[in-house]
Amino acid sequence: MGRQLYTTTVLYLVTLLFICRTISAVRFPPEQPTTDDLDFIRTSCNTTLYPDVCYTSLAGYASAVQDNPARLAKLAIGVSLSRAKYTAAYLSKLSRRSGAASSAAVNDCVSNVGDAVDQMRGSLRQLREMNHRRPGAPAFRFQMSNVQTWMSAALTDEETCTDGITEEMEDGETKTAICDRVADVKRFTSNALALVNTYANNGA
């Protein structure tokens, strides 16, 4: 009787363990965005200079954004920041192996894009601290003004980078690669700034 109870208990525990492992292995699909969620992204992106780039980069997060302009602004800055950091790392690596004639221009570009990264980080941090600010209130307007200023400065930094490369580097693959990469970041930063401006003007 005791042995039978022991065997039954062991079988029960083994079965329970198997079930638990099976359940934990299941990967539930992410929540699918609704048509309204996607329409909000599309409509918002239509206010930017590069609407297709905007929509393609942000539509995958539509279910998290829903129709919230604050979330959309934070997301757009986060995406732009990610691109800028990737490009800054590329430029930093390139500067260590550039020839003497082009190293100054590349180093300046590294500094410019690094400054843009810092500006975007500050913007994202400010937006995250504003979760409970009431749109239209003086504190909201002041803090949004900071975000707009920093994002605008980030875009200027990126433009300064490409201006310097265009003027100081000889034509070639390296020059083209740098300009193409930074131009890509500029598109994302421009879009993020446009969405920030929309949020600042219209609120939540």
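Heavy-atom basis, side chains included; hydrogens, waters and symmetry copies ignored. Note that the structure is a prediction, hence the values are computed from the model and not measured.
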(request) Determine, stepwise, if the pair Q148 / N197 fulfils side chain to side chain donor-acceptor pair (under 3.5 Å). (result) CA-CA 7 Å; Q148 290 172 293; N197 287 339; 2.8 Å; yes

(request) Evaluate side chain to side chain donor-acceptor pair (under 3.5 Å) for Q66 paired with D37, printing each intermediate quantity in order. (result) CA-CA 5 Å; Q66 296 180 340; D37 294 340; 5.4 Å; no

(message) Tell me whether T198 contacts the main-chain N or O of A194 through its side chain, where contact means a donor paired with an acceptor under 3.5 Å.
(response) yes

(message) Suppose clustering is done on Ile, Leu, Val, Met, Phe, Trp and Tyr with side-chain heavy atoms closer than 4.5 Å. Which residues sit in the same group as F142?
(response) none

(request) Please round to the nearest 0.5 Å and tell me the distance separating atom CD of Q119 and atom CG of N146. (result) 11.0 Å

(message) Quiz question: by atom type and distance under 3.5 Å, do the side chains of S92 and R96 form a donor-acceptor pair?
(response) yes

(request) Keeping to residues at least two apart or across chains, list the side chain to side chain donor-acceptor pair (under 3.5 Å) pairs with something in residues 48-61. (result) T48-N191

(message) Can you tell me how far apart OG (S145) and CH2 (W150) are? Round to the nearest 0.5 Å.
(response) 9.5 Å

(request) For A84, enumerate each residue passing the side-chain contact (heavy atoms from CB on, under 4.5 Å) test, keeping only those at least two apart in sequence or located in another chain. (result) V117, M120, V185

(request) Considering non-hydrogen atoms only, spot the tightest contact between I178 and L91 and give its length. (result) CG2-CD2, 3.8 Å

(message) Measuring from atom OG1 of T34 to atom CG of D67, what distance do you get when rounded to the nearest 0.5 angstrom?
(response) 9.0 Å

(request) Examine distances only and state if a side-chain atom of K175 and a backbone atom of E170 form a donor-acceptor pair shorter than 3.5 Å. (result) no

(request) Using modelled atom types only, decide if a donor and an acceptor are shared between the side chain of T43 and the backbone of F40 within a distance under 3.5 Å. (result) no

(request) Report the distance from atom OG1 of T87 to atom CZ of F188, rounding to the nearest 0.5 Å. (result) 10.0 Å

